[in-house]
Number of protein chains: 2
Amino acid sequence: MAQARFVEDLVDREDDVDRWYVDVVRRAGLADDAPVRGCKVIPPYGFGLWEQMVGRLDARIKATGVENASFPLLIPRSLLEREARHIEGFAPEVAWVTRGGDRELDEPLAVRPTSEAIVCPTFARWVQSYRDLPILVNQWGNAVRWEERPRTFLRSLEFLWQEGHTCHATAAEADARARQMQEVYRRFLEEDLAVPVVAGVKTESEKFAGAARTHTVEAMMGGKNWALQAATSHDLGDHFGRVFGIAFLDRDGTRRVASSTSWGLSQRAVGAVVLVHGDDAGLKLPPLVAPVQVVVVPIWRTDAERAAVEAAVDRIATRLGPVARFKVDAREDRSPGYRFNEWELKGVPLRLEVGPRDIAADQAVLVRRDGRARQAVAMADIASAVEALLAAVQGDLLTAARRTLADRTAPVDTYADLAARAAGNAGWSLAHWCGGRDCEARVKAETKATIRCIPADRPEEAGACVVCGRPSGRRVVVARAY
Amino acid sequence: MAQARFVEDLVDREDDVDRWYVDVVRRAGLADDAPVRGCKVIPPYGFGLWEQMVGRLDARIKATGVENASFPLLIPRSLLEREARHIEGFAPEVAWVTRGGDRELDEPLAVRPTSEAIVCPTFARWVQSYRDLPILVNQWGNAVRWEERPRTFLRSLEFLWQEGHTCHATAAEADARARQMQEVYRRFLEEDLAVPVVAGVKTESEKFAGAARTHTVEAMMGGKNWALQAATSHDLGDHFGRVFGIAFLDRDGTRRVASSTSWGLSQRAVGAVVLVHGDDAGLKLPPLVAPVQVVVVPIWRTDAERAAVEAAVDRIATRLGPVARFKVDAREDRSPGYRFNEWELKGVPLRLEVGPRDIAADQAVLVRRDGRARQAVAMADIASAVEALLAAVQGDLLTAARRTLADRTAPVDTYADLAARAAGNAGWSLAHWCGGRDCEARVKAETKATIRCIPADRPEEAGACVVCGRPSGRRVVVARAY
């Protein structure tokens, strides 16, 4: 069928996933170019997707007792430099404001690459006593990192994200909070975005600049099977507390340093949705976050047919309103086929077709974006059928993505196998690693793959490091990454 | 009563409203200092207020067919300079990024002071045919203007706001949209924030840099009776369309230039809520946007009382849940009086007190923040009483503010009276003005008051300009402004 192929010039995903990604993102209306390289305009359709994601993640975060707050965009250099490893990690990526109006500033201001350096001094003022703890805040906002190789959503100069910051009386509490937020991200990604992840811990060399421990959730992207760090949650220990003087009088009258965490998820997650679920026809959006869940495409030829079809669409709209976000596409200057293709490109989970023959049979036709299964549904059953199909699509997208992740993840026991899998974009490797920094560095230098994480849920297993042969107690995930 | 006076060191509002404002904003938890002058931290309570405001205004904006989108933070200097009056107006206020990582940039990037200069080139790409029009987008985000005399919320270096941008086939449509959004703002301010406004048009010298016409809603702040430009809506005519090349092929095959609008409301509106409704005890938040609408303060002395009161609070919470955003303040290390004062400072519209004697009478006591009227309410009626009282507070705040606005606005027929009212902070003056730029400039230079707007709803009236005596057809609003 014609509709099985999208408009001619979209490259097949498997042929050139990088070009496919750029094309789909732009043509589906997720993002558009901006005059500054690495920045982007997000048109209403793409922003609608982000709004749905924000709404669901925000609710999950608030359900853990966190409240939203706002911290300044501009951070004085001296504050950013206070924590040595932090500035070392971020300095190459900072955009600096050096002039305000007509004046040169005495001290350059960083456009925040992340906000620890301005949140922690605030916490230091807010925290006096154990009664002031914990502090649990989150910020939705923008941040800027000067990326040399930007990719829309995946690695942007400016990006929208949430960054949570918490402050606790004990190291154990901070540790628990960091793990809790990793789990919030895992569930958001899997349950809302249908993006399966491997949860684990970053190695010392891959962790956040200044953190005690970085928890991560890693997702496998389609096409090249590369990994995407979809969100991270950092246990900062009492390190930032010491550097920024976050101290409190404890119950027992002792003055103690507070422990803290930070955790973030950005618009990279939009890129993950594109790359995990998309196919040669374009996007496939998970129903729970699709800005349009059902597109209604009325079809007619004659004026008499038109009147009947429009009346039917009105009745359908009344039924759909309570159960789905829907849109009616009745454009007369576009053929049904064109409209089908366009909404498939945009990844709308369900299409509802209604024409004269459907009306005669008192039915409409529902077509799933994933797999394109069609079914006729009696008018009276449209609401329940749509609800059931949206739930089915949501579940099936996750099942399919889980299968891909499982199929393309394999244990490797030799360095040659690991290198070959990385070179061939064959998927993720589970490899024994001794824990040594040199072995990790060699893998990265020679194969461009990195240790994505030490998985949290894999059993201990004795083996030999694929690089040096020294003993290893557990396999780690090795993959190339965006 | 002790609770009629707030904690000792809050200055009376009428004595020194500037100090009162700074104190209340900080102590109520609306905003906190930041290391960069003119920037601020917004703690959860203040951000909760902003979230409620955003939710309601966003719904009003979307109800007019506008969708949200996102445009980049950084704007190349060349784009900002494209429109001469625009850059002339904004140049003194721009924060410039001149370095990215270790590199000096070839071209400085402005941190957006407003986004017309980056939205319009995007529209130019999006618009080809009349079918692409209108474009109706809005962005919630931050902007930076290098203010020399910052005041928290009222005039901040960085501020959160929404900026809407629309693009139309005809000048008439743009004109209508600009007026429509002014009306959206008027209703939001009056109906949601209980802040009455005068709607009108800015003079040529006060209008937005580059606009054909600026519509404004002006609110009177408490204390000094100064004006606050609470929101503006700009009809940009086809001016930005010409400069940025937004052209389209019309139905008749003619190539035409599109007309556009832009309109914004910022966190200044938070400052308006503080200054319009506050009193010597602190904030009074309008119930529709109060993050906490009801604070429940349980009172007990003995353990036996405590058990009974806690059980009653549980039952009350069940009743309040469906009708109000509420919080229970059961802090044992704070006296009831302290807790009363603190929540009055924070402006929570209703306090619900429950103690052993109330339980014996199967009732609770509700106390309004405005006016402090107390009433005992039977347990069974709590939900309906709270709903009714919240509506009453919302209405009464608006009525009171309208009375103040009316009482402190007066016609003046001589320049001396106008100058005296301005010098004495007596309120707004309605004065005849010939329309001349020189007369306007003299008023501003000599009295520091400015023509806030040419009101939209005042009847024509023949008179003589208070400055030069030339004929005038209508009175304008003259006032000092934040």
Side-chain angles (χ1 to χ4, degrees), chain A residues 31-36 39-48 50-51 66-76 78-79 91-103 105 108-109 111 118-119 121-122 125-126 131 135-137 139 141-142 144-146 148 157-158 160 331 333, chain B residues 31-36 39-48 50-51 66-76 78-79 91-103 105 108-109 111 118-119 121-122 125-126 131 135-137 139 141-142 144-146 148 157-158 160 331 333:
Chain A
D32 199 357
D33 294 336
V36 178
C39 293
K40 61 191 172 298
V41 170
I42 307 179
Y45 191 71
F47 202 81
W50 179 241
E51 278 186 309
V66 173
E67 294 177 297
N68 286 336
S70 172
F71 294 88
L73 176 72
L74 301 176
I75 306 177
S78 53
L79 275 182
E93 301 185 350
V94 173
W96 293 102
V97 172
T98 62
R99 248 168 47 219
D102 305 325
R103 289 190 307 112
L105 304 185
L109 303 174
V111 181
I118 200 149
V119 170
T122 307
R125 284 200 313 279
W126 289 353
R131 286 194 201 87
I135 298 178
L136 311 171
V137 296
Q139 160 165 278
N142 52 356
V144 170
R145 296 182 190 171
W146 213 264
E148 288 303 320
L157 198 143
E158 181 195 6
L160 303 184
R331 284 177 294 172
D333 57 338
Chain B
D32 199 357
D33 295 335
V36 178
C39 294
K40 61 192 172 301
V41 171
I42 307 179
Y45 191 70
F47 202 82
W50 178 241
E51 277 184 311
V66 173
E67 294 177 298
N68 285 337
S70 172
F71 294 87
L73 176 71
L74 302 176
I75 306 178
S78 53
L79 274 182
E93 301 185 348
V94 172
W96 294 102
V97 172
T98 63
R99 251 173 39 223
D102 307 323
R103 285 190 308 113
L105 304 185
L109 303 174
V111 181
I118 201 149
V119 170
T122 307
R125 284 200 313 277
W126 288 355
R131 285 194 201 89
I135 298 178
L136 310 172
V137 296
Q139 160 165 279
N142 52 355
V144 170
R145 295 183 191 170
W146 212 264
E148 287 304 321
L157 199 143
E158 181 195 5
L160 302 185
R331 284 177 293 173
D333 56 338

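Labels below follow one simple rule: chain letters A, B, ... track the order of the sequence lines, proteins then strands, and each chain is numbered from 1.
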Check your understanding: So which part of B:Arg125 gets closer than 4.5 Å to some heavy atom of chain A, the side chain, the backbone, both or neither?
Key ->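 Just its side chain gets close to chain A.
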Quick check for you: to the nearest 0.5 Å, what is the distance between [X] atom [atom1] and [Y] atom [atom2]?
X        : Y        : atom1 : atom2 : answer
A:Leu109 : B:Glu158 : CG    : CD    : 11.5 Å
B:Ile118 : A:Cys39  : CD1   : SG    : 7.0 Å
A:Arg99  : B:Thr98  : CZ    : OG1   : 7.0 Å
B:Trp146 : A:Leu105 : CH2   : CG    : 4.5 Å
A:Asn142 : B:Asn142 : CG    : CG    : 4.0 Å
A:Phe47  : B:Gln139 : CZ    : CD    : 7.5 Å

Point to revise | Full working for side chain to side chain donor-acceptor pair (under 3.5 Å) between A:Asn68 and B:Trp50 | key: CA-CA 10 Å; A:Asn68 286 336; B:Trp50 178 241; over 6 Å; no
Contact leader toward chain A among [options], where contacts are heavy-atom pairs under 4.5 Å:
options                              : answer
B:Ala91, B:Ala69, B:Gly46, B:Pro121  : B:Ala69
B:Val137, B:Thr122, B:Val36, B:Asp32 : B:Asp32
B:Ile75, B:Leu74, B:Leu73            : B:Leu73

What part of [X] gets closer than 4.5 Å to chain B, counting heavy atoms only: side chain, backbone, both or neither?
X        : answer
A:Val119 : neither
A:Val66  : neither
A:Leu160 : side chain

**Study point:** Winner by heavy-atom pair count (cut-off under 4.5 Å) against chain B, out of A:Val111, A:Asp33, A:Leu79, A:Asp102
**Key:** A:Asp33
Review point. Between A:Gly48, A:Pro76, A:Ala34, A:Gly141, which residue shows the highest count of heavy-atom pairs closer than 4.5 Å to chain B?
Key: A:Pro76
Exercise for review: May I ask you to test the A:Val41-B:Ser70 pair for a side-chain heavy-atom distance under 4.5 Å?
Suggested key: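 Heavy-atom side-chain distance check fails, nothing below 4.5 Å.
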Check your understanding: Quick one: does B:Arg103's side chain get under 4.5 Å of A:Glu148's, heavy atoms only?
Key ->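 A side-chain contact under 4.5 Å exists here.
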Review point. Of all heavy-atom pairs between A:Arg131 and B:Asp333, which one has the smallest distance, and what is that distance?
Key: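 For A:Arg131 versus B:Asp333, the nearest heavy atoms are NE-OD2, 2.7 Å.
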**Study point:** Exercise: identify the closest heavy-atom pair between A:Val97 and B:Ala95
**Key:**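 Minimum heavy-atom contact is CG1-CB, 3.9 Å.
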